[in-house]
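Shown next, in structure tokens, is the structure this report addresses.
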Amino acid sequence: MPAHSRPGFPKAPPPRGPNSPRIPSFYRPRPSATPPLTGPRLRSALPARKIVGLLSELRPQQMFLRAVSSGLTSLFRTPGLAAVTAMSTGTFVQLDPLNYRDGARVEPVDSSGTEKAFEPATGRVIATLQCSGETEVHLAVKSAKAAFEIWRKKSGMERGQVLLEAARLIKEQKDAIATMETINNGKSIFEARLDIDTSWQCLEYYAGLAASMAGEHVQLPNGSFGYTRREPLGVCVGIGAWNYPFQIACWKSAPALACGNAMIFKPSPFTPVSALLLAEIYTKAGAPPGLFNVVQGGAATGQFLCQHRDVAKVSFTGSVPTGMKIMEMSAKGIKPVTLELGGKSPLIIFSDCDLEDAVKGALVANFLTQGQVCCNGTRVFVQKEIIDKFTKEVVKQTQNIRIGDPLLEDTRMGPLINGPHLERVLGFIKSAKEEGATVLYGGEPYEPTDPKLKHGYYMTPCILTNCRDDMTCVREEIFGPVMSILPFKTEAEVLERANDTTFGLAAGVFTRDIQRAHRVAADLQAGTCYINNYNVSPVELPFGGYKKSGEEVGMHKPATVASAATPVFLSL
Ligand SMILES: NC(=O)C1=CN([C@@H]2O[C@H](COP(=O)(O)OP(=O)(O)OC[C@H]3O[C@@H](n4cnc5c(N)ncnc54)[C@H](O)[C@@H]3O)[C@@H](O)[C@H]2O)C=CC1
Ligand SMILES: NCCCC(=O)O
């Protein structure tokens, strides 16, 4: 998550992958092949000259031509790069094809309708995408199958070299990619840069793991022996949400490719732009054409992908209702799935905490990416002794969060993703008031002074008090900048209330009592628990959910992140 690279967190830790340790799930299971839970980061073990060798085998001239023919040549160290980075809000329009197949941008051969993508800061349409139809999905699968035949025969070391080169390219083009992400998603450029860091770090991490994954040798009676192999599954599908478009594409593709699979990625139709940049980067880094294809579209396109006979696995990030549908469809095809779904996570603040840190923690747990983060700690339980002091300070600092043009350096909160979502979030605040909550601050539509932002989807971050556990705003995922503050008396009481939810993605605890911190973390039913911090997510740790927040990883390997650093500070 965005906060990994923030100032003060131990030495720029790499991000966790959303499914990490996901490697086993992208392998066809073989008897007793127990995967490593974590792995060393081996970037320094993969010498750069080997990468150059690999790329020259793949005819760089051809790759250059491909890059030139794509509309994003400007992202590849040409004078255009500066132009993208210097772009201002209200100027970008996407005219290039938005599907990517066989190593090039293409228009889909058939479509099941169109969708408009907006620049949330201004409300302008920046792209109209053709939703890929069944034939286009089939062509993407066919192309990925062909690439898979090449890729699966490569050694882990060779695959790691391509991923490392892709990571290097992302790093090199970080500002330009972050700019595109901000334009299409609305998050501040400050945050988007952190997201791009966590993206290339993820590729580096899996590049390091790729070479070290191996099967087992098993001694059998009378001098016989057996062995297990790790085999990739085949063509995997990644379906992404709109809140971390580039990062989700990286977090899904890096482990899949590291294990020898091909991937077809479908971004959210709200944020179609940046996955294409990743596709072009993989091609430039030496991935065979078709290894990472992008198909655009909404639910119908997603269904064609999940139901395709030749798709071996689906990795999904999105809402619980869609996750259920994906699981059902995949079950019909006996396909494994990884689901990363919604949350309504508790943040518990004990009276013995460092109050300054706890306030910063609550801000970062609620207001990153305008509150549109799955693992946000939106139920803020505060021990009675300090609740007045805490609330006063949280309100003061929330008032200082600068809202506005997300491409400006000092903006910390941009617009929400679109008009209907803004209305939905404001609707939650209305119903909170009707149910008896008090709006202490914010929760109103906001119009920045710059006239070009007049039609953007802005609101003021909202602090609710007088909340009860049975209120809609406390039970349901709002996916917007709305913090509910709830008082508590005892540890036992707060644990019971914190776990009384159908979700279980994340949780946080602020206390100076180290024993209590670990005791509470162990008892919280959540895939990740943060101690004295929030929204940090090192790649070495798994990220998954209990209950309806997801499946596969979290239930068995919940992670506790005990951070030595202070939480990121959002107000200026
Ligand atoms: N646990 C996690 O890591 C994360 C979870 N989320 C969750 O995602 C939600 C917000 O994202 P949204 O994009 O609004 O979610 P969504 O569920 O509406 O859509 C997610 C993706 O699924 C596709 N889709 C929709 N219906 C489909 C169907 N029937 N078959 C196949 N694909 C389909 C969409 O086009 C999109 O690409 C929130 O609930 C949030 O908590 C978001 C980010 C991370
Ligand atoms: N980097 C944020 C992870 C959580 C999310 O995708 O919502």
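Ligands are counted one by one from 1 in listed order, and the atoms in each one are counted from 1 as well.
- In this comparison of Gly545, Gly323, Ala299, the heavy atom closest to atom 28 (C) of ligand 1 sits on Ala299.
- Test Val106, Ile264, Val295 against Arg101 for side-chain contact (heavy atoms from CB on, under 4.5 Å) and you get one pass: Val106.
- Only side-chain heavy atoms of Ile239 come within less than 4.0 Å of ligand 1; its backbone N, CA, C and O stay farther off.
- Counting heavy atoms from C-beta outward, Asp310 and Lys145 have side chains that approach closer than 4.5 Å.
- For ligand 1 and Met329, the ligand atoms under 4.0 Å from any heavy atom of the residue are 30 (N).
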Test log, rule side-chain contact (heavy atoms from CB on, under 4.5 Å), inputs Met327 and Phe316:
CA-CA 9 Å; Met327 203 168 192; Phe316 171 76; over 6 Å; no
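- Distances from atom 11 (O) of ligand 1 to the heavy atoms of Ala241, Gly238, Cys375 put Ala241 nearest.
- When non-hydrogen atoms are compared, ligand 2 lies under 4.0 Å from the side chain of Gln247 (C-beta onward) but not from its backbone.
- Around atom 21 (C) of ligand 1, the closest heavy atom drawn from Gly302, Ser268, Gly318, Gly240 belongs to Gly240.
- Proximity to Phe543 (heavy-atom distance under 4.0 Å) selects the following atoms of ligand 1: 3 (O).
- Less than 4.0 angstrom separates some heavy atom of Leu505 from each of these atoms of ligand 1: 1 (N).
- Trp242 and His421 have perpendicular rings, their planes meeting at more than 60° on a 0 to 90° scale where under 30° would count as parallel.
- Close approach of ligand 1 to Pro269 (heavy-atom distance below 4.0 Å) involves ligand atoms 35 (O).
- For the pair Lys187 and Tyr244, the cation-pi test (distance below 6.0 Å, angle within 45°) is passed.
- With a heavy-atom cut-off of 4.0 Å, Tyr244 does not touch ligand 1 at all.
- Short contacts between ligand 1 and Phe316, defined as distances under 4.0 Å to a heavy atom of the residue, involve ligand atoms 17 (O), 20 (C), 21 (C), 22 (O).
- Side-chain contact between Val311 and Lys335: present, with at least one pair of heavy atoms (C-beta onward) separated by less than 4.5 Å.
- For the pair Gln372 and ligand 1, no heavy-atom separation below 4.0 Å is found.
- Near Pro267, meaning under 4.0 Å from one of its heavy atoms, ligand 1 places the atoms 37 (O).
- Within the structure, the closest approach of Gly298 to ligand 1 falls below 4.0 Å when heavy atoms are considered.
- Comment: Arg193 engages Asp175 in a salt bridge, judged by a side-chain N to carboxylate O separation of less than 4.0 angstrom.
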For side-chain hydrogen bond (donor to acceptor under 3.5 Å, both in side chains), just list the numbers for Ser274 and Asn184, CA-CA rounded to whole Å, side-chain angles, deciding distance to a tenth of an Å, and then say yes or no.
CA-CA 8 Å; Ser274 60; Asn184 195 184; over 6 Å; no
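- Closest heavy-atom approach to atom 10 (C) of ligand 1 among the candidates Phe479, Trp251, Phe304: Phe479.
- Within the structure, ligand 2 has Trp251 among the residues with a heavy atom less than 4.0 angstrom away.
- Contact annotation: for Glu477 versus ligand 1, heavy atoms closer than 4.0 Å belong to the side chain alone.
- Applying the 4.0 Å criterion to heavy atoms of Trp242 picks out, from ligand 1, the atoms 11 (O), 12 (P), 13 (O), 14 (O).
- Using a 4.0 Å cut-off to heavy atoms of Val373, the atoms of ligand 2 that qualify are 4 (C), 7 (O).
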Chi angles and distances behind the side-chain contact (heavy atoms from CB on, under 4.5 Å) call for Met483, Thr378:
CA-CA 5 Å; Met483 180 194 302; Thr378 48; over 6 Å; no
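- Taking every heavy atom of both residues into account, Pro269 and Gly298 meet most closely at CG-CA, 4.0 Å.
- Proximity to Asn243 (heavy-atom distance under 4.0 Å) selects the following atoms of ligand 2: 5 (C), 6 (O), 7 (O).
- Thr398 and Ile463 get closest at one heavy-atom pair: OG1-CD1, 3.5 Å.
- If you look at Ile326 next to ligand 1, the close heavy atoms, those under 4.0 Å, all belong to the side chain.
- Taking only nitrogen or oxygen atoms, main chain and side chain alike, Lys266 reaches within less than 3.5 Å of ligand 1.
- Residue Cys374 holds the heavy atom nearest to atom 4 (C) of ligand 2 of all those in Gly342, Ala506, Cys374, Ser199.
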From CA spacing to verdict: side-chain contact (heavy atoms from CB on, under 4.5 Å), Val425, Phe479:
CA-CA 7 Å; Val425 173; Phe479 223 55; 5.8 Å; no
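- Ligand-side atoms of ligand 1 in range of Gly342: 39 (O), 41 (O), range being under 4.0 angstrom from any heavy atom.
- Between Gln303 and ligand 1, a contact under 3.5 Å exists for at least one N or O pair.
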Test side-chain contact (heavy atoms from CB on, under 4.5 Å) applied to Phe428 and Glu476, step by step
CA-CA 9 Å; Phe428 272 108; Glu476 290 187 22; 3.7 Å; yes
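- Proximity of Leu341 to ligand 1, defined as any heavy-atom pair under 4.0 Å, is confined to the backbone N, CA, C and O atoms.
- Contact detail for Ala312 and Leu233: the closest heavy-atom pair is CB-O, 3.6 Å.
- Checked against a 3.5 angstrom limit, the closest N/O atoms of Ser319 and ligand 1 fall inside it.
- Arg412 forms no cation-pi arrangement with Phe367, by the criterion of a distance under 6.0 Å to the ring centre and an angle within 45° of the ring axis.
- Looking at Ser549 next to ligand 1, no N or O pair under 3.5 Å apart turns up.
- With a 4.0 Å cut-off on non-hydrogen atoms, Phe270 does not touch ligand 1 at all.
- Between Lys171 and Asp197 there is no salt bridge, since none of the side-chain N atoms of the basic residue sits less than 4.0 Å from a carboxylate O of the acidic one.
- Across all their heavy atoms, Ser143 and Asn293 have their closest contact at OG-ND2, 2.9 Å.
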